[in-house]
Protein chains: 2
Amino acid sequence: MVDVKGMPNPLFLREEELRQAIEMMFFAYRDFTGGPDEVLAEIGLGRAHHRVIYFVGRHPGITVSELLAILQITKQSLSRVLGHLVEEAYIVSRTGEVDRRQRKLELTPKGVELEKRLTAIQRDRIAHAYRNAGAEAVRGFKQVLHGVIDAKDRRRFDISGGS
Amino acid sequence: MVDVKGMPNPLFLREEELRQAIEMMFFAYRDFTGGPDEVLAEIGLGRAHHRVIYFVGRHPGITVSELLAILQITKQSLSRVLGHLVEEAYIVSRTGEVDRRQRKLELTPKGVELEKRLTAIQRDRIAHAYRNAGAEAVRGFKQVLHGVIDAKDRRRFDISGGS
DNA sequence: CCTTTACGTCAACCATGTTGACTTAATTTC
DNA sequence: GAAATTAAGTCAACATGGTTGACGTAAAGG
């Protein structure tokens, strides 16, 4: 028999290791969204608006269907948020030229400004973490996070460690 | 002048790099919570219940205040969810022995069972990502995620790469 | 004794998700 | 060219889970 105290059950360690990851995901996401949430609250918007503004900014001309596929919410839910953002002139919606059933979404200058402000908060947090961890750690971070994402959405990311 | 085409603006690359991280955080968290959400919906519970069950399971005897500090929600909001979990016998609340104002929370066997079921889903997803990425990447993942978390909560995690 | 702390509770409200039913316009298919 | 499908919008009702504010009670601590 091996000394159980000196060399504890590797399955137990693995369980602890994995629980740590689960917990870090919770705390990291909580704090990652906390900053933008404060700014949004000041102007009467919520996290749902942020997500829409972010992805429209990231993919100008994105259609409503594409947005729904990313956000994985119902069109009724998106409609409320998106409608509000169009009313408040953060986003414009124009009819698609090739398929006139589609609505292509884009940020207005006002939308771009807000998007920048919100993204800057998250970008600075990530930049800080990246700087302190180093390039090797960043590669690992992306690799693991990539594996956490559903296979169907992995193609969105090139994590070959380019730069 | 350096050739701008051959060697693009490093600030632009950095911006892209950071946006990639922001986006991966969104997709990873979306998919990380998606599995448990489905199970919870079947039994009439939500993500808020999951969080409570998780942290009570992780820290048996945790007080209401401690839970509030972790979840960062109001006690009124917690009360609704926690009250329901106590009613449905997932959690028991007993008066603290040393400080009788406190309520110490614990999972019942029923609560343990649900916690295991939910955590298993997330654990398997992380385990899969860890296995595919390798030990070095896991270290990097933890280092970066650690840096994303607010300093006040970092002490919860030992990321020294122990095993 | 008085103050503070831990917890609970009532009430109202808001943001954001859901289902289901239905409409309109445009495209695609047979 | 008619029929089916698709993209998008809309109305309504409802659930979850957050918020603020006010107030109550019991225990602890100065």
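Note that this is a predicted model, so its numbers are computed, not measured. Just the heavy atoms: all of them, side chains too, but no hydrogens, waters or symmetry mates, feed the values below. Residue numbering restarts at 1 for every chain, and letters A, B, ... go by the order of the sequence lines.
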Trainee: Using a cut-off of less than 4.0 Å, is there contact between a side-chain N or O of A:Arg103 and OP1 or OP2 of C:dT24?
Mentor: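 Looking at the OP1 and OP2 atoms of C:dT24, neither is under 4.0 Å from any side-chain N or O of A:Arg103.
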Trainee: In whole angstrom, what separates A:Arg100's CZ from C:dT28's P?
Mentor: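 Atom CZ in A:Arg100 sits about 13 Å away from atom P in C:dT28.
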Trainee: Pick the nucleotide of DNA chain D nearest each of A:Leu68 and B:Val81; which residue has the one closer to the 5' end?
Mentor: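 It is A:Leu68, whose closest nucleotide lies nearer the 5' terminus.
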Trainee: What about A:Gln76: does its side chain form a donor-acceptor pair under 3.5 Å with the base of C:dG20?
Mentor: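 In this structure, the two groups form a donor-acceptor pair.
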Trainee: Determine, for B:Arg30 against A:Asp150, whether the closest basic-nitrogen to carboxylate-oxygen distance falls under 4.0 angstrom.
Mentor: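 Judged by the 4.0 Å cut-off on N to carboxylate O distance, B:Arg30 and A:Asp150 do not form a salt bridge.
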Trainee: Less than 4.0 Å between a side-chain N and a carboxylate O, is that true for A:Lys142 and B:Glu17?
Mentor: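 Answer for the salt bridge query: yes.
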Trainee: Just wondering, more than 12 heavy atoms not from B:His59 lying within 6.0 Å of its NE2?
Mentor: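 Buried by this count: over 12 neighbours within 6.0 Å.
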Trainee: Would you say A:His49 reaches C:dT16's phosphate, i.e. side-chain N/O to OP1/OP2 under 4.0 Å?
Mentor: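 For C:dT16, OP1/OP2 do have a side-chain N/O of A:His49 under 4.0 Å.
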Trainee: Does B:Thr74 make a side-chain N or O approach to OP1 or OP2 of D:dT19 shorter than 4.0 Å?
Mentor: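 Yes.
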Trainee: So, does the side chain of A:Arg80 form a donor-acceptor pair with the base of C:dG17 at under 3.5 Å?
Mentor: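 Pair found.
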Trainee: Just how far is it from atom CG of B:Leu78 to atom OG1 of B:Thr74, taken to the nearest 0.5 Å?
Mentor: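 Result: 8.0 Å between the selected atoms.
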Trainee: If I take atom CD in residue B:Gln102 and atom P in nucleotide D:dG29, what distance separates them, rounded to the nearest angstrom?
Mentor: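 Value for this atom pair: 10 Å.
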